[in-house]
Asks: 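What follows is a single structure, and I will ask about it in a moment.
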Amino acid sequence: MPDHPMPDSPLIGILGGMGPEATVDLMRRVIAATPAEDDADHVHLLVDNNPKVPSRIAALIEGTGKSPAPELQRMTRGLLAAGVDAIAMPCNTAHNYLGEIRAAAGRTPVLDMVALTARRAGELLSAGGRVGMLASTAVQLTGLYADELGERGIDIAFPSRQAELMQLIRDIKRGRCGAAERARYAQICGALQDDGADLLLVACTELSILADALPAGVPALDALDVLAAEIVAIGTGARAAGAAGSPARVAEGGA
């Protein structure tokens with residue numbers, strides 16, 4: 001969250017393209033969450049939808065790829081040159097490089113989707129609660145959410161079918177988002193609930209695309225919704241006015 005005053009109509013820069021459809025999905029959610037009566041009421045976004053950012057899978061899981069950090073820093077400097085007032089990034093795993101991005105951003109705020117989502121999870125669950133993590137294996141290997149959730153006394157459970165979930169993420173990147181993929185996703189979600197998850201946490205923006213496949217009646221929190229709500233709060237001045245409201249909604253069988 002920015003710690004200094006924003007202009008009346010702030011320009012929010014988006015580090016996107018990881019993947020491209022997830023970036024478009026964020027834009028849709030920002031538009032849907034904005035209380036607008038006319039075009040001029042919407043949030044001003046400047047989006048760098050760059051699918052050429054080096055693979056987070058190759059860098060963090062396979063250990064064979066180059067770091068995405070230099071390209072993310074280059075994109076950040078480009079957004080700064082265009083005059084953005086804050087920066088957001090709709091990719092959970094890329095938040096492993098948040099420190100490098102903030103170093104390039106200088107005094108310009110960079111929203112932390114992980115911290116924002118963990119805070120919202122803490123509002124929804126009491127200490128001792130358990131989240132079922134729907135995320136890339138990179139999130140598991142790096143412990144990306146572990147500290148933030150652990151500080152709130154929240155336990156994390158990853159799917160027993162994590163390899164299958166990872167394959168599903170790869171399939172979504174290939175544009176495979178049909179009935180078969182939705183059925184697999186629903187089964188993985190159901191298994192997490194059976195394993196004792198009190199809340200499903202969608203922490204991969206590729207999986208956010210399958211929001212309508214979440215099983216009915218299963219409480220779920222989507223990090224992309226949290227980020228969209230924060231962008232709307234800042235972009236409409238609601239954050240400065242202290243009237244931003246809840247940073248996310250809880251999905252009951254959809255987001």
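Any value given below was found using the heavy atoms of this structure, including those in side chains, with hydrogens, waters and symmetry copies removed.
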Asks: Identify, with sequence neighbours excluded, every residue that meets salt bridge (Lys or Arg N to Asp or Glu O under 4.0 Å) alongside Asp198.
Replies: none
Asks: Please name the pair of heavy atoms, one in Ala121 and one in Leu221, separated by the smallest distance, quoted to 0.1 Å.
Replies: N-CD2, 3.8 Å
Asks: State, with a plain yes or no, whether a side-chain heavy atom of Tyr185 is found less than 4.5 Å away from one of Ile209.
Replies: no
Asks: Residues two or more places apart in sequence or in another chain: which of them pass side chain to side chain donor-acceptor pair (under 3.5 Å) with Arg182?
Replies: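 Only Asp212 meet the side chain to side chain donor-acceptor pair (under 3.5 Å) criterion with Arg182.
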Asks: Quick one: do Leu11 and Ile101 end up in the same hydrophobic cluster if we chain Ile, Leu, Val, Met, Phe, Trp and Tyr together by side-chain heavy atoms under 4.5 Å apart?
Replies: yes
Asks: Same hydrophobic cluster for Ile31 and Ile14, using side-chain heavy-atom links shorter than 4.5 Å among ILVMFWY?
Replies: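 In one cluster: no.
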Asks: With side chain to side chain contact (heavy atoms under 4.5 Å, CB included) as the criterion, how do Arg102 and Asp112 come out once you've worked through the C-alpha distance, each side chain's angles and the decisive distance to 0.1 Å?
Replies: CA-CA 10 Å; Arg102 282 181 163 167; Asp112 184 344; 3.7 Å; yes
Asks: Within the side chain of Ser67, is there an N or O that forms a donor-acceptor pair under 3.5 Å with the backbone of Ala69?
Replies: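 Yes, the answer is positive, given that a donor and an acceptor are paired below the 3.5 Å cut-off.
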Asks: Leu15 and Leu72: which non-hydrogen atoms are nearest, and at how many Å?
Replies: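 In this case the closest contact between Leu15 and Leu72 is CD2-O, 4.2 Å.
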Asks: Excluding sequence neighbours, so at least two apart, what forms side-chain contact (heavy atoms from CB on, under 4.5 Å) with Arg184?
Replies: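 Listed in chain order: Glu164, Gln167, Leu168, Asp171, Glu181.
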Asks: More than 12 non-hydrogen atoms from neighbouring residues, nucleotides or ligands closer than 6.0 Å to CG on Asp8, yes or no?
Replies: no
Asks: Using side-chain contact (heavy atoms from CB on, under 4.5 Å) as the criterion, list what pairs up with Arg74, not counting sequence neighbours.
Replies: Asn50, Glu71, Arg77
Asks: What closest approach, in Å, do Pro68 and Ser55 show between heavy atoms, and which atom pair accounts for it?
Replies: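 Heavy atoms of Pro68 and Ser55 come nearest at CG-O, 4.4 Å.
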Asks: State which residues pass side chain to side chain donor-acceptor pair (under 3.5 Å) with Glu151; sequence neighbours excluded, sorted by chain then number.
Replies: none
Asks: Can you run down the salt bridge (charged side-chain N to carboxylate O under 4.0 Å, His left out) pairs that involve residues 57-69, sequence neighbours left out, and say none if there aren't any?
Replies: Glu62-Arg170
Asks: Hey, mind stepping through Asp225 and Arg120 against salt bridge (Lys or Arg N to Asp or Glu O under 4.0 Å) and telling me if it holds?
Replies: CA-CA 11 Å; Asp225 277 332; Arg120 180 58 176 146; over 6 Å; no
Asks: Going by side chain to side chain donor-acceptor pair (under 3.5 Å), name the residues that satisfy it together with Arg152, two or more places apart in sequence or in a different chain.
Replies: Glu148
Asks: Within the distance-only criterion (no hydrogens, no angle test), does the side chain of Arg107 pair as donor or acceptor with the backbone N or O of Ala105 below 3.5 angstrom?
Replies: no
Asks: I would like to know whether Ile231 and Leu26 meet side chain to side chain contact (heavy atoms under 4.5 Å, CB included); could you show each step before the answer?
Replies: CA-CA 10 Å; Ile231 289 170; Leu26 171 68; 4.1 Å; yes
Asks: Spell out, yes or no, whether Met27 and Leu227 are grouped together once hydrophobic residues are joined by side-chain heavy atoms under 4.5 Å, including indirect joins.
Replies: yes
Asks: Evaluate side chain to side chain contact (heavy atoms under 4.5 Å, CB included) for Met166 paired with Ile57, printing each intermediate quantity in order.
Replies: CA-CA 10 Å; Met166 196 64 219; Ile57 292 174; 3.5 Å; yes
Asks: To the nearest 0.5 Å, what is the distance between CG (Leu124) and CD1 (Ile154)?
Replies: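 Rounded to the nearest 0.5 Å, the CG-CD1 separation comes to 8.5 Å.
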Asks: Roughly how far apart are Asp25 CG and Asp222 CG, rounded to 0.5 Å?
Replies: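 Between Asp25 CG and Asp222 CG, I get 8.0 Å after rounding to 0.5 Å.
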Asks: Rounded to the nearest 0.5 Å, how far apart are CD1 of Ile12 and CG of Leu46?
Replies: 10.5 Å
Asks: Which heavy atom of Ala186 sits nearest to which heavy atom of Pro215, and what is that distance?
Replies: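 In this case the closest contact between Ala186 and Pro215 is O-CG, 3.7 Å.
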Asks: Excluding sequence neighbours, so at least two apart, what forms side chain to side chain donor-acceptor pair (under 3.5 Å) with Asp48?
Replies: none
Asks: Who are the side-chain contact (heavy atoms from CB on, under 4.5 Å) partners of Asn49, not counting sequence neighbours?
Replies: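 side-chain contact (heavy atoms from CB on, under 4.5 Å) check on Asn49 returns Pro20, Thr23, Val47.
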Asks: Output every pair passing salt bridge (charged side-chain N to carboxylate O under 4.0 Å, His left out) with a member in residues 200-209, not counting sequence neighbours, ordered by first then second residue.
Replies: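 Passing the test, one end in residues 200-209: Lys173-Glu206.
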Asks: For residues 87-96, run the donor-acceptor check on the side chains, cut-off 3.5 Å, and write out each pair with its distance to 0.1 Å, sequence neighbours left out.
Replies:
from: Asn92; atom 1: OD1; to: Tyr145; atom 2: OH; distance (Å): 2.6
from: Asn92; atom 1: ND2; to: Ala203; atom 2: O; distance (Å): 3.0
from: His95; atom 1: ND1; to: Cys91; atom 2: O; distance (Å): 2.7
from: His95; atom 1: NE2; to: Met113; atom 2: N; distance (Å): 3.1
from: Asn96; atom 1: OD1; to: Thr142; atom 2: OG1; distance (Å): 3.3
from: Asn96; atom 1: ND2; to: Thr93; atom 2: O; distance (Å): 2.7

Asks: Over all heavy atoms of both residues, which pair between Ser136 and Cys204 is shortest? Give the atoms and the distance, please.
Replies: N-CB, 4.2 Å
Asks: Heavy-atom count around Gln73 CD within 6.0 Å, excluding the residue itself: above 12?
Replies: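 Count over threshold, so yes.
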Asks: Just jot down the side-chain contact (heavy atoms from CB on, under 4.5 Å) partners of Gln162, sequence neighbours excluded, or say none.
Replies: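 Here the qualifying residues are Thr137, Gln140, Phe158, Pro159, Leu165.
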Asks: Measuring from Cys177:SG to Glu21:CD, what's the distance to the nearest 0.5 Å?
Replies: 5.5 Å
Asks: With rounding to the nearest 0.5 angstrom, report the CG to CZ distance, Leu199 to Arg130.
Replies: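 The distance works out to 13.0 Å.
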Asks: What is the minimum heavy-atom distance between Ala22 and Leu224, and which atoms define it?
Replies: O-CD2, 4.1 Å
Asks: Group every Ile, Leu, Val, Met, Phe, Trp and Tyr by side-chain heavy-atom contacts under 4.5 Å, then state whether Val53 and Leu80 land in the same group.
Replies: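 They do share one cluster, since a chain of ILVMFWY contacts under 4.5 Å joins Val53 to Leu80.
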Asks: Is Leu134 reachable from Ile61 through a run of I, L, V, M, F, W or Y residues, each pair having side-chain heavy atoms under 4.5 Å apart?
Replies: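 Linked, Ile61 and Leu134 end up in one cluster.
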